[in-house]
Amino acid sequence: GVKHDFNLNFNNIDPEVEAIYGIEQAYIRALNPGGGSIFALSGPTLFQPILRKSHNLAKNAHAEFIQKRKNGDTNNPIQYFILLIITDGIIND
């Protein structure tokens with residue numbers, strides 16, 4: 001079936017990559033040009049599941065940041081999140 005929400009590096013334990021280069025490398029490995037793709041871009045394309053997950057991730061990180069600041073932890077850096085959505089056409093939601 002079609003899966004709308006997965007880590008591009010296919011690592012559920014450590015889904016993060018480092019910097020733009022890490023994003024680029026994960027995308028290249030996933031599409032695996034010349035060696036057969038791990039997945040194919042196809043429809044329907046639904047954004048709601050990933051937008052909801054991303055919103056909750058950022059909201060929880062922000063709440064944790066605020067709580068640590070209230071507790072006097074000034075060594076707690078602000079986190080930034082990048083959501084990269086790649087689609088091949090029509091958005092269905």
Side-chain angles (χ1 to χ4, degrees):
V2 176
K3 192 170 183 186
H4 298 281
D5 177 6
F6 59 91
N7 303 317
L8 192 57
N9 70 356
F10 299 98
N11 185 338
N12 290 328
I13 296 169
D14 186 17
E16 296 183 8
V17 296
E18 188 171 328
I20 298 299
Y21 180 77
I23 295 169
E24 179 184 44
Q25 291 306 303
Y27 183 69
I28 289 170
R29 279 191 303 274
L31 288 180
N32 197 10
S37 180
I38 295 171
F39 68 92
L41 297 176
S42 65
T45 302
L46 303 175
F47 279 5
Q48 186 177 359
I50 194 64
L51 291 175
R52 186 180 304 117
K53 184 176 184 176
S54 301
H55 173 260
N56 288 335
L57 177 74
K59 183 171 74 171
N60 292 339
H62 180 69
E64 182 180 324
F65 172 79
I66 295 298
Q67 188 60 44
K68 285 183 177 180
R69 285 289 166 109
K70 285 181 180 178
N71 292 337
D73 182 357
T74 57
N75 293 321
N76 183 29
I78 295 174
Q79 292 183 331
Y80 293 90
F81 297 90
I82 298 172
L83 173 62
L84 173 65
I85 297 176
I86 300 169
T87 181
D88 63 348
I90 299 170
I91 311 308
N92 296 92
D93 63 350

So which heavy atom on [X] is nearest to which on [Y], and how close?
| X | Y | result |
| --- | --- | --- |
| V17 | A26 | CG1-CB, 4.3 Å |
| R69 | T74 | NH2-O, 4.0 Å |
| D93 | F47 | OD1-N, 2.9 Å |

Next on the checklist: Under 4.5 Å between side-chain heavy atoms, counting indirect links through other Ile/Leu/Val/Met/Phe/Trp/Tyr residues: same cluster for I50 and L57 or not?
Outcome noted: no
Item to check | Interatomic spacing from NE2 in H55 to CZ in R52 - rounded to 0.5 Å | outcome: 11.0 Å
Next on the checklist: Taking atom CZ as the centre, does F81 end up with more than 12 heavy-atom neighbours from other residues, nucleotides or ligands that are less than 6.0 angstrom away?
Outcome noted: yes
